[in-house]
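Input: a single structure, listed below in structure tokens.
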Amino acid sequence: MTPSIAQCAVGAAIAWLVAKDLLGHSRPFFAPIAVVVCIGVGLGQRLRRVVELVAGVSVGIGVGDLLVSWIGSGAWQIALVVAIAMATAVLLDRGSVIVLQAGSSAVLVATLLPPSGAGGFARMVDALVGGLVGLAAVALLPASPSALARRHAKGMFSTLADSLRQIAEAIEQRDVRLAGEALEEARSSQAKVEEFLQALETSKEIATISPLHRHRRPSLEGYEKAAVPLDHALRNTRVLARRAIVALDGGSPLPPWLPGALRDLADAGLMLRDELAAERSPDQVTKAILKVASRQGSERWGFSADVMIAQLRSIIVDLLQATGTEREEALAALPPLDVHEMDGSRDGEETPKGPR
């Protein structure tokens with residue numbers, strides 16, 4: 001957050017100076033506005049934002065200048081100008097920035113800035129200047145892409161490990177309440193997944209735009225490989241927690257080796273977090289996960305246990321894929337399982353990946 005605020009502040013000042021002193025525009029307010037919209041505090045997709053911003057300003061100013069020169073200013077004129085400007089923007093692109101910018105630009109033209117000569121073109125130039133300055137601010141005053149990805153990945157790994165350990169404890173203590181707490185912990189993971197995916201996109205963007213961080217692009221590859229499998233692992237953990245509640249509530253027998261396997265998988269997940277952060281090869285993580293896979297027995301424990309074992313196998317495959325292992329190779333690493341494959345159902349509308 002702090003780097004983005006600094007980028008917005010410095011970039012807005014520079015954009016104003018460029019548009020006012022170098023280009024001679026008397027009130028280039030679109031230039032600093034463009035910087036703030038381009039950089040944003042939400043991060044991500046800045047290149048697209050610049051295009052949407054300039055297009056939105058152009059549409060809003062073009063429609064506003066044209067209509068206001070014909071129909072003048074007033075309440076109904078503002079309504080008409082905004083409606084036409086935003087409708088035109090929607091036809092061009094449904095991106096939120098272009099539509100909102102078209103509407104706000106049209107309002108400014110219809111109220112504070114009635115058309116005069118080349119004013120419309122100058123405001124379009126201001127928006128372009130602000131967008132370019134915003135990109136330059138990202139490139140020259142960047143947040144570390146590695147640090148950004150690492151910080152947001154930490155939440156995903158921690159939630160996965162905590163959930164697996166809580167399920168293990170619930171099984172050992174035959175405690176339905178603990179299993180319910182594990183499910184709630186796992187359910188909180190989706191927001192962390194979305195934050196991580198957004199941070200990863202932003203990190204890749206920074207590494208592409210900024211000459212200071214282009215050498216960091218290889219360090220993001222591990223996170224790119226792990227992103228989707230980690231999402232799947234968390235989803236399968238939710239299914240595992242739900243089945244644990246059913247099994248414990250019904251008094252179903254469960255394998256004695258299952259809690260230890262879950263804890264070892266939790267440790268492997270945290271080890272993968274550390275290896276990615278240190279930019280090391282996750283070979284040791286792969287070995288740890290394969291060791292968990294080899295501990296499975298061939299005994300039959302009943303339906304609930306079979307479903308939980310199937311989900312455990314799915315999580316093993318997910319984590320192996322997160323290390324960069326191909327899916328076929330990860331599936332082949334699982335010992336034969338003499339049970340029918342389970343489909344189950346994930347949280348709400350989700351469907352498990354399955355062994356798998």
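On a predicted model such as this, the values are computed, not experimentally measured, just so you know.
Side chain of S189 to main chain of E185: no donor-acceptor pair is present (N/O by atom type, distance under 3.5 Å, no hydrogens or angles). One N or O on the side chain of T325 and one on the backbone of L320 form a donor-acceptor pair closer than 3.5 Å. R243 places no side-chain N or O within donor-acceptor distance of the main-chain N or O of I309, the cut-off being under 3.5 Å. Looking at N236, its side chain does come within 3.5 Å of a backbone N or O of H232 through a donor-acceptor pair. Looking only at distances, a side-chain donor or acceptor of Q77 sits under 3.5 Å from a matching main-chain atom of I71.
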Determine whether L200 and K204 satisfy the following criterion, side chain to side chain contact (heavy atoms under 4.5 Å, CB included), listing intermediate values before the conclusion.
CA-CA 6 Å; L200 184 58; K204 290 159 57 180; 4.1 Å; yes
Are V239 and R242 close enough, and set up right, to give a side chain to side chain contact (heavy atoms under 4.5 Å, CB included), and what steps lead you there?
CA-CA 5 Å; V239 181; R242 291 177 63 193; 5.6 Å; no
Can you list the steps and then say if L248 with L254 is a side chain to side chain contact (heavy atoms under 4.5 Å, CB included)?
CA-CA 9 Å; L248 295 173; L254 296 174; 4.1 Å; yes
Audit row: V292, L319, side chain to side chain contact (heavy atoms under 4.5 Å, CB included) steps and yes/no:
CA-CA 11 Å; V292 176; L319 290 180; over 6 Å; no
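Considering only heavy atoms from C-beta on, V193 stays 4.5 Å or farther from L230 through its side chain.
Pairing each heavy atom of A199 with each of L148, the nearest pair is O-CD2, 3.8 Å. The two residues A15 and V35 have their closest heavy-atom pair at CB-CG2, 3.5 Å. Across all non-hydrogen atoms, the minimal contact from S304 to V246 is OG-CG1, 4.3 Å. V59 and A85 get closest at one heavy-atom pair: CG1-O, 3.5 Å. Across all non-hydrogen atoms, the minimal contact from A288 to A268 is CB-CB, 4.3 Å. Contact detail for M308 and A244: the closest heavy-atom pair is CE-CB, 3.7 Å.
I14 meets the side chain to side chain contact (heavy atoms under 4.5 Å, CB included) test with V10, V18, V133; sequence neighbours excluded. For A277, the side chain to side chain contact (heavy atoms under 4.5 Å, CB included) partners are R150, Y223, not counting sequence neighbours.
Distance check: I316 CD1 to K291 NZ gives 13.5 Å after rounding to the nearest 0.5 Å. To the nearest 0.5 Å, atom CZ of residue R313 and atom CG of residue L331 are 9.0 Å apart. Rounding to the nearest 0.5 angstrom, the gap separating the CG atom in L265 from the CD1 atom in I315 is 7.0 Å. Taking CE from M156 and NZ from K192, the interatomic distance works out to 10.5 Å, rounded to the nearest 0.5 Å. The CD1 atom of I171 sits 4.0 Å away from the CG atom of L258 when rounded to the nearest 0.5 Å. Atom CG of D318 and atom CZ of R327 lie 8.0 Å apart (nearest 0.5 Å).
For the side-chain contact (heavy atoms from CB on, under 4.5 Å) with F157, the qualifying choice from L234, L272, D274 is L272, the only one to do so.
Linking ILVMFWY side-chain heavy atoms closer than 4.5 Å, directly or via other members, places L80 and W70 in a single hydrophobic cluster. Under the 4.5 Å side-chain heavy-atom criterion for grouping Ile, Leu, Val, Met, Phe, Trp and Tyr, V36 is not connected to W16 through any hydrophobic cluster. Hydrophobic clustering places I167 together with W257 (ILVMFWY residues linked when any side-chain heavy atoms are closer than 4.5 Å, directly or through intermediates). There is a path of hydrophobic side-chain contacts, each under 4.5 Å, that joins W76 to V81. One hydrophobic cluster, built from ILVMFWY side chains closer than 4.5 Å, cannot hold both L17 and L128; they sit in different ones.
Under a 4.0 Å N-O distance rule, the pair D231/R235 qualifies as a salt bridge.
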Could you pull out all donor-acceptor pairs under 3.5 Å where a side-chain atom in residues 174-184 meets a protein atom, sequence neighbours excluded?
residue	atom	partner	partner atom	Å
R174	NH1	S252	O	3.2
R174	NH2	S252	O	2.9
D175	OD1	R177	N	2.8
D175	OD1	L178	N	3.2
R177	NH1	E181	OE2	2.6
E184	OE2	R187	NH1	3.1

